[in-house]
Amino acid sequence: MSHPAPEAPAAESLDFIREIAQEDLRSGKHPVIVTRFPPEPNGYLHIGHAKSICLNFGLAQEHPGSRCHLRFDDTNPAKEDIEYVESIQEDVHWLGFDWGTHLFHASDYFDQIHDFALELIAKGLSYVCDLPVEEVRATRGTLTEPGTNSPYRTRTPEENLDLFARMRAGEFPDGSRTLRAKIDMASPNMNLRDPVIYRIKKVPHDRTGDKWCIYPTYDMAHGYSDALEGITHSICTLEFEAHRPLYDWLIDHVSAPCHPRQIEFSRLNLTYTVMSKRKLLELVEKGLVDGWDDPRMPTISGLRRRGYTPSGIRSFCHHIGVTKYNSITDMGLLEAAVREDLNKTAPRFLGVLRPLKFTITNWPAGQIEPLEAAINPADPESGTRQIPFTGELLIEQDDFMEEPTPGYFRLAPGRTARLRHGYNVTCEDVIKDDTGRVIELRGPYDPESRHSKPKKGTAVIHWLSAAHAVPAEVRLYDRLLTVPDPNDIPDGTDWTSTLNPESLDILGQAHVEPAALTSPGTFQFERLGYFCQDSKHSQPGKPVLNRTVTLKDTWAKAQAKV
RNA sequence: UGCCCCGUGGUGUAACGGUAGCACAGGAGAUUUUGAUUCUCCUUGACAAGGUUCAAAUCCUUGCGGGGCAUCCA
């Protein structure tokens, strides 16, 4: 036995699910942990799924010999589509997880689930019910009143076996009969009031073709799939809590190879966005966004296109923890996690979103001076790059104010600023067009200032050599919604009315350092934020850049308060 | 008007009957050729009332608040 050193630093605390898993390992209940991520292929994965993926795959990674299965919960061919199967696999892999050879489908088990159904029937625990949908609903009772028994509840096992076989043979039309578990029509738990476990659906299945015209319901398929795969911990979200007694009942009453433990945790909610598949689908179908992977979407593919990193998302999932408390997490937490990750890894470039011309009056005509600049000051290993300095520059419109407000220390008439990686320049002349708009700044540079220490209170601004800069379209994104919680709006209000009309701002005049366009992944435009090329719309010679997230900006924040 | 689950700073979470801590957000300062980063320091908290105990965020009771459950959805 090892003796824990009392002076050892406290181990990082485990969430309640990891604690259960660890205890089951310690007690010898299980030699390894087997979890599963069981998406239904009827939509794209979102950040809420990422939480579940990090939990299930993470748990397996943390214990040698343990594993996590990827299982498609494809029990309803009427709603599912293989289009989603591919995206789901891509997203899980992109997040950095691997199921190895453990890729399964609930439909792989249709034969065995059917056998379990036969077993339940033979034991008198299941019956074929001829009641139509409305009748089933009417006799189920209400939340406060018990239901009433189906008149078909007393059929003999022989009769049920025969009828079930004929259901399977396609003798009856959709909806005409169901197989029900015989439990308790008076149970306070509605899920136990003789739930339907098989229904007739004469719909071909993506994987089993037309082999079946009856399909198991979620409750029937899920637990048995878990048991068949030897899952030790079946982790799901809170809304399945009331299903757990049924999960247990179904497994207990057949010769299942094992009995996994279902554990529920609360799903992720984020402020200023939506997480339900229904609403996400609505945005896509109504054309309110540019597809499932619109960079404003909380989908994994949207976050990827936006420039979020897998490690940033994983870090976020780690930070939010796992509990049963119904919470809404501040979107700022996700942004902070991705900023932290990107700050360490993203190469830096210069880009100008809204250009303003600056002409250096004392720069030798035609001279080009290559300046050396760190690729990432936060990473000494990253090396340097060269950027050309000339007398014709582009600076950011925001970095000049004709009548500077107190506290503003960028350029203004007569003021000096430091050009990032370069020289000090002074604004001597302000050129305007007929409408009074500032179109150009002119002034000298200080040749001695290249390596001089900048004076306190002198701003450092970004710039580009006009002749070397490459035009690019830049898309700035803001929160999808104008309200933190779209569920918390007045009755009768359409949630789509809370969509933020300013969630996308397209800038057509931006210019960027050419090297930015050949940099893979997400990079930083110094002082502006993190950006990446839009995988959908960027083309050679016509780059489109997405802003992933801004840098923290205490100046802008202070201004916003005024 | 049934059953189940959940209530810790603004937000997300720790503690496993013994000093309420962390992250984000917020504030003050230092450093800085990114108003970034980094580094200091600071503000803010137990749903309520009873009970058990030397001692309660933790255990019990009740109330209050939030969420879930009546698809042949998952």
Side-chain angles (χ1 to χ4, degrees), chain A residues 10 12-13 15 19 38-40 42 73 75-76 78-80 129 131-133 136-137 140-147 174-180 187-191 193 195-201 214-215 217-219 221-222 236-245 264 266 268 271 277 316 318-337 339-340 343-344 348 350 373-374 377-378 407-410 418-424 449-454 458-462 484 524-529 550-558:
Chain A
E12 194 173 359
S13 67
D15 59 68
E19 218 160 79
E40 183 190 12
N42 70 343
D73 223 336
T75 59
N76 189 351
K79 293 194 172 181
E80 294 146 8
C129 180
L131 255 25
V133 213
V136 171
R137 189 174 310 141
R140 188 155 29 221
T142 68
L143 291 176
T144 54
E145 298 159 317
D174 283 16
S176 61
R177 273 173 233 254
T178 56
L179 184 69
R180 295 227 253 165
S187 172
N189 183 340
M190 302 287 293
N191 296 119
R193 317 241 267 227
V196 170
I197 53 178
Y198 258 95
R199 71 288 215 196
I200 303 171
K201 264 184 204 291
I214 54 171
Y215 293 95
T217 57
Y218 165 80
D219 291 297
H222 198 86
C236 60
T237 45
L238 251 25
E239 67 270 27
F240 293 103
E241 206 158 22
H243 290 246
R244 178 152 34 95
E264 311 85 17
S266 63
L268 173 67
T271 54
K277 277 187 191 173
F316 166 73
H318 176 76
H319 281 296
I320 57 174
V322 179
T323 67
K324 299 186 74 158
Y325 179 67
N326 212 301
S327 59
I328 303 183
T329 298
D330 191 334
M331 181 66 97
L333 232 48
L334 212 207
E335 295 179 343
R339 272 195 198 101
E340 182 187 39
N343 176 54
K344 285 181 291 200
R348 268 102 240 235
L350 297 180
Y408 186 85
F409 56 82
R410 274 109 96 153
R418 159 82 14 95
L419 295 174
R420 177 71 170 155
H421 305 301
Y423 299 92
N424 284 358
S449 62
R450 175 66 186 99
H451 294 292
S452 71
K453 232 176 146 44
T458 301
V460 176
I461 65 174
H462 55 275
Q524 184 192 106
F525 277 141
E526 296 199 67
R527 301 212 309 137
L528 295 175
T550 60
L551 251 29
K552 274 214 281 191
D553 189 344
T554 53
W555 167 247
K557 196 164 60 189

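Letters A, B, ... are given to chains in the order of the sequence lines, protein chains preceding strands, and every chain is numbered from 1. Remember, predicted model here, so these are calculated numbers, not experimental data.
- The partner of B:rU52 cannot be assigned: no Watson-Crick or G-U wobble pair with both contacts below 3.5 Å exists in any strand.
- Across all strands shown, B:rG21 forms a Watson-Crick or G-U wobble pair with B:rU13, both key distances being under 3.5 Å.
- Across A:Tyr218 and A:Asp73, no two heavy atoms sit closer than the pair CE1-OD2, 3.9 Å.
- Nucleotide B:rA36 has no partner under the Watson-Crick or G-U criteria, as no pair reaches both atom distances under 3.5 Å.
- The CD1-C1' distance, from A:Ile328 to B:rG10, rounds to 13 Å in whole Å.
- A salt bridge does not link A:Lys79 with A:Glu40: every distance from a Lys NZ or Arg NE/NH1/NH2 to an Asp or Glu carboxylate oxygen is 4.0 Å or more.
- Nearest-nucleotide assignment on RNA chain B puts the 5′-proximal partner with A:Arg244, out of A:Arg244 and A:Ile461.
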### Query
Under the side chain to side chain contact (heavy atoms under 4.5 Å, CB included) criterion, do A:Lys201 and A:Asn76 qualify, and how do the steps go?
CA-CA 9 Å; A:Lys201 264 184 204 291; A:Asn76 189 351; 3.4 Å; yes

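- Nearest heavy-atom pair across A:Met190 and A:Gly141 is CE-O, 4.1 Å.
- Taking atom P in both B:rA30 and B:rG66, the straight-line distance is 47 Å, to the nearest Å.
- Under the Watson-Crick or G-U wobble criterion, with both distances below 3.5 Å, B:rA70 is left unpaired in every strand shown.
- Taking CZ from A:Arg339 and CD from A:Gln524, the interatomic distance works out to 11.0 Å, rounded to the nearest 0.5 Å.
- Side-chain nitrogen and oxygen atoms of A:Lys557 include at least one within less than 4.0 Å of the OP1 or OP2 phosphate oxygen of B:rG27.
- Going from atom OG1 of A:Thr271 over to atom CG of A:Asp330 covers 4.5 Å, rounded to the nearest 0.5 Å.
- Here the CG-OG1 distance, from A:Leu528 to A:Thr550, works out to 10.0 Å after rounding to the nearest 0.5 Å.
- Of all nucleotides listed (B:rG12, B:rU1, B:rA15), B:rG12 comes nearest to the side chain of A:Ile320.
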What's touching nucleotides 28-30 of chain B from the protein side, N or O pairs under 3.5 Å?
none

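- Nucleotides B:rC4 and B:rA70 have their C1' atoms positioned 14 Å apart, rounded to a whole Å.
- Using P as the reference atom, B:rC24 and B:rC41 are 14 Å apart when rounded to the nearest Å.
- Aromatic ring pairs are classed by plane angle as parallel below 30°, tilted from 30° to 60° and perpendicular above 60°; the pair A:Trp555 and A:Tyr408 is tilted.
- In a base pair of the Watson-Crick type (N1 to N3 plus N6-O4 or O6-N4) or a G-U wobble (N1-O2 and O6-N3), with each distance short of 3.5 Å, B:rU44 is matched with no nucleotide.
- The CG atom of A:Asp15 sits 15 Å away from the C1' atom of B:rA15 (whole-angstrom rounding).
- Note: A:Leu419 CG to A:His462 NE2 = 10.5 Å, rounded to the nearest 0.5 Å.
- Using modelled atom types, no side-chain atom of A:Asn326 and backbone atom of A:Ser266 make a donor-acceptor pair closer than 3.5 Å.
- Put simply, the side chain of A:Thr458 never gets that close to the backbone of A:Arg418: no donor and acceptor are under 3.5 Å apart.
- Rounded to whole Å, atom P of B:rA36 lies 11 Å from atom CZ of A:Arg527.
- Spacing between B:rC59 and B:rA25 at atom P, rounded to whole Å, works out to 32 Å.
- Residue A:Gly407 is classed as a base contact, given a heavy-atom separation below 4.0 Å to a base.
- Base contact: A:Leu419 has a heavy atom under 4.0 Å from a base atom.
- Rounding to whole angstrom units, CZ of residue A:Arg418 and C1' of B:rA36 are separated by 17 Å.
- A:Leu333 has its CG atom 9 Å from the P atom of B:rG12, to the nearest Å.
- Residue A:Thr217 holds its OG1 atom at 12.0 Å from NE2 of A:His222, rounded to the nearest 0.5 Å.
- A donor-acceptor distance shorter than 3.5 angstrom exists from the side chain of A:Arg193 to the backbone of A:Ser187, with no hydrogens or angles considered.
- Residue contacts for A:Tyr215: at a heavy-atom cut-off of 4.0 Å it reaches no nucleic acid atom on any strand shown.
- A:Glu19 comes within 4.0 angstrom of a nucleotide base, judged by non-hydrogen atoms across all strands.
- Pair check for B:rU8 finds none; no Watson-Crick or G-U wobble contact set falls under 3.5 Å.
- To the nearest whole angstrom, the two C1' atoms, one in B:rA48 and one in B:rG7, are 12 Å apart.
- Within 4.0 Å (heavy atoms only), A:Gly422 reaches at least one base atom of the nucleic acid.
- Within the 4.0 angstrom heavy-atom criterion, no nucleotide atom of any strand lies near A:Tyr423.
- Among the atoms of the strands shown, none is found under 4.0 Å from any heavy atom of A:Thr458.
- When heavy atoms are screened at a 4.0 angstrom cut-off, A:Pro377 is found touching base atoms of the nucleic acid.
- Under 4.0 angstrom from either OP1 or OP2 of B:rU13 there lies no side-chain N or O belonging to A:Ser13.
- A:Arg348 has no side-chain polar atom (N or O) that falls below the 4.0 Å cut-off from OP1 or OP2 of B:rU34.
- Remark: the separation of the P atoms in B:rG27 and B:rG63 is 43 Å, to the nearest Å.
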### Message
Each nucleotide in nucleotides 64-74 of chain B should get exactly one letter: B, S or -. Can you fill that in based on protein heavy atoms under 4.0 Å?
### Response
---S-BBSBSB

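- Residue contacts shown for A:Lys453 are limited to sugar-phosphate atoms, with no base heavy atom under 4.0 Å away.
- By the 4.5 Å heavy-atom criterion applied to side chains, A:Val460 and A:Glu526 are not counted as neighbours.
- For the C1' atom pair drawn from B:rG9 and B:rC5, the interatomic distance equals 24 Å after rounding to whole Å.
- Rounded to whole Å, atom C1' of B:rG35 lies 12 Å from atom CG of A:Leu528.
- To the nearest angstrom, C1' of B:rA14 lies 12 Å from NE2 of A:His318.
- Of all heavy-atom pairs spanning A:Ala242 and A:Pro245, the tightest one is O-CD, 3.4 Å.
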### Task
Any chance you could list the contact pattern along nucleotides 37-44 of chain B? Use B for base contacts, S for sugar-phosphate-only contacts and - for none, protein heavy atoms under 4.0 Å, 5' to 3'.
S-------

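- Using a 4.0 Å heavy-atom distance criterion, A:Gln524 is classed as a base contact.
- Nucleotides B:rC47 and B:rU58 are separated by 8 Å at their P atoms, to the nearest Å.
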